[in-house]
Student: 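The structure's right below; bear with me while I get my questions together.
Model, not experiment: these values are computed from the prediction. Atoms considered below: every heavy atom in the structure, side chains included; atoms not considered: hydrogens, waters and symmetry mates.
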Amino acid sequence: MTVMAVSGTGTGVGKTVCTAALAALALRAGRRVAVLKPAQTGVRPGEPGDADEVARLAPGTTVRELVRYPDPLAPATAARRAGMPGLPAERAARAAAELEDEGHDLVLVEGAGGLLVRFDEQGSTLADAAALLSAPVLLVARAGLGTLNETALTAEALRARRIMCAGLVIGSWPREPGLAERCNLGDLPAEAGAPLLGALPEGMAELEPEEFATKAQALGLAWMTTVGSRGART
């Protein structure tokens, strides 16, 4: 597995921090890592986006962004409002394949919002790009109430498209988890039909890069160190 998509079960669940954590761990294992952000919304030219945040938290990662739109909306809607073209899934898949061909051992493709958020007026989604690449999808979920339904729906959409779920990560684990959060730790794997691989603590993005990578490694995400070695299985 060289290319993996990272999708949230919704927006604001911690996809970018999770993507950066995976990149940091793979870099520590000596891999060449690239992160592709096909569509960035809510950011104007010259402002830092999600790819820049990954580069800050995981220095040494090759980052690439294909399109950006100023309004904080779904990419297809933001593109329409800006009078700009949307992003076909084929273009996203081609860009990921090019990063792989450039010699990167691991290419992470970070979506925008959830799995089926539209990139263009033709209905292209991250799921379409993952299918074109034959790439698994890592799900990033919320910790609290509502996450079980969101996770189950996303996992069902993956199965319907015959896309492998690489696992599940909680993108922001609260400092003081309540009953729902604690129970969800046990229930989420059943809803996803995939293992829970870890939970990133709230505020992790505030750490410096070295501490960030060390924290990610201590959280049980070390399985990622074998991802990207050519021919490796996970």
Student: Only counting residues at least two apart or in another chain, list the ones meeting side chain to side chain contact (heavy atoms under 4.5 Å, CB included) with Glu121.
Tutor: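 Result, side chain to side chain contact (heavy atoms under 4.5 Å, CB included) vs Glu121: Ala76, Arg80.
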
Student: Under a single-linkage rule joining Ile, Leu, Val, Met, Phe, Trp and Tyr whose side-chain heavy atoms are separated by less than 4.5 Å, which residues share a cluster with Val43?
Tutor: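 The other cluster members (ILVMFWY side chains, heavy atoms under 4.5 Å, direct or chained): none.
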
Student: What residues join Val117 in its hydrophobic cluster, counting side-chain heavy atom gaps under 4.5 Å, either direct or through other members?
Tutor: none

Student: Do NZ/NE/NH1/NH2 and the carboxylate oxygens of Arg32 and Asp105 come within less than 4.0 Å?
Tutor: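 Result for this pair is no, no salt bridge flagged.
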
Student: Judged by modelled atom types alone, do Ser124 and Asp120 share a side-chain donor-acceptor pair under 3.5 Å?
Tutor: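 Per modelled atom types, Ser124 and Asp120 side chains form a pair under 3.5 Å.
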
Student: Could you measure the distance from the CD atom of Glu100 to the OG1 atom of Thr2? Nearest 0.5 Å is fine.
Tutor: 4.5 Å

Student: I'd like to check Val109 versus Val6 (side-chain heavy atoms, cut-off strictly below 4.5 Å). Are they in contact?
Tutor: no

Student: Salt bridge between Glu102 and Arg64, side-chain N to carboxylate O under 4.0 Å?
Tutor: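 Judged by the 4.0 Å cut-off on N to carboxylate O distance, Glu102 and Arg64 do form a salt bridge.
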
Student: To the nearest 0.5 Å, tell me how far Leu207 CG sits from Thr214 OG1.
Tutor: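 OG1 of Thr214 is found 9.5 Å from CG of Leu207.
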
Student: Residues in side chain to side chain contact (heavy atoms under 4.5 Å, CB included) with Ala213, at least two apart?
Tutor: Ala24, Arg28

Student: To the nearest 0.5 Å, tell me how far Leu200 CG sits from Cys18 SG.
Tutor: 5.5 Å

Student: Step by step, would you call His104 with Val33 a side chain to side chain contact (heavy atoms under 4.5 Å, CB included)?
Tutor: CA-CA 5 Å; His104 293 98; Val33 186; 5.8 Å; no

Student: Using links of under 4.5 Å between side-chain heavy atoms of ILVMFWY residues, direct or through other members, which residues join Leu168 in one cluster?
Tutor: Leu115, Leu116, Val137, Leu139, Leu148, Leu158, Ile163, Ile170, Trp173, Leu185, Leu188, Leu196

Student: Is there a donor-acceptor pair closer than 3.5 Å between any side-chain N or O of Asp128 and the backbone N or O of Ala89?
Tutor: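 Such a contact is absent between Asp128 side chain and Ala89 backbone.
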
Student: With a 4.5 Å heavy-atom cut-off, do Leu36 and Glu110 have their side chains touching?
Tutor: no

Student: Side-chain heavy atoms under 4.5 Å apart, restricted to Ile/Leu/Val/Met/Phe/Trp/Tyr: what other residues fall into the cluster of Leu145, or is it alone?
Tutor: none

Student: Could you check if a side-chain atom of Leu57 sits within less than 4.5 angstrom of a side-chain atom of Pro209, using non-hydrogen atoms only?
Tutor: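 Of all side-chain heavy-atom pairs linking Pro209 with Leu57, none is under 4.5 Å.
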
Student: What pairs meet the salt bridge (charged side-chain N to carboxylate O under 4.0 Å, His left out) rule with one or both residues in residues 142-168, with sequence neighbours excluded?
Tutor: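 For residues 142-168: Arg142-Glu150.
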
Student: Answer yes or no: is there a side-chain heavy-atom contact under 4.5 Å between Phe119 and Pro88?
Tutor: no

Student: Any salt bridge (charged side-chain N to carboxylate O under 4.0 Å, His left out) involving residues 171-189? Give me the pairs, sequence neighbours left out, ordered by first then second residue.
Tutor: Arg175-Glu202

Student: Please evaluate residues Leu22 and Leu108 with respect to the criterion side chain to side chain contact (heavy atoms under 4.5 Å, CB included), reporting the C-alpha separation (whole Å), side-chain torsions for both, the decisive distance (0.1 Å), and the verdict.
Tutor: CA-CA 9 Å; Leu22 301 181; Leu108 299 169; 3.9 Å; yes

Student: Arg81: which residues meet the side chain to side chain donor-acceptor pair (under 3.5 Å) condition with it, sequence neighbours left out?
Tutor: Asp71

Student: If I compare all heavy atoms of Leu66 with all of Pro38, which pair ends up nearest, and what's the gap?
Tutor: CB-O, 3.2 Å

Student: Would the distance check show the side chain of Thr151 and the main-chain N or O of Thr147 forming a donor-acceptor pair, the cut-off being under 3.5 Å?
Tutor: yes

Student: So, using side chain to side chain contact (heavy atoms under 4.5 Å, CB included) as the criterion, who are the partners of Ala82 when residues are at least two apart?
Tutor: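 Partners of Ala82 by the side chain to side chain contact (heavy atoms under 4.5 Å, CB included) criterion, ordered by chain and then number, come out as Pro70, Met84.
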
Student: Using a strict threshold of under 4.0 Å (side-chain N to carboxylate O), is an ion pair present between Arg44 and Glu47?
Tutor: no

Student: Any salt bridge (charged side-chain N to carboxylate O under 4.0 Å, His left out) involving residues 6-17? Give me the pairs, sequence neighbours left out, ordered by first then second residue.
Tutor: none

Student: Taking side chain to side chain contact (heavy atoms under 4.5 Å, CB included) as the test, write out the residues that go with Ala135, two or more places apart.
Tutor: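 Scan of Ala135 (side chain to side chain contact (heavy atoms under 4.5 Å, CB included), adjacent residues dropped) gives Val3, Leu133.
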
Student: State, yes or no, whether a side-chain contact exists between Val140 and Thr9 at a heavy-atom distance under 4.5 Å.
Tutor: no

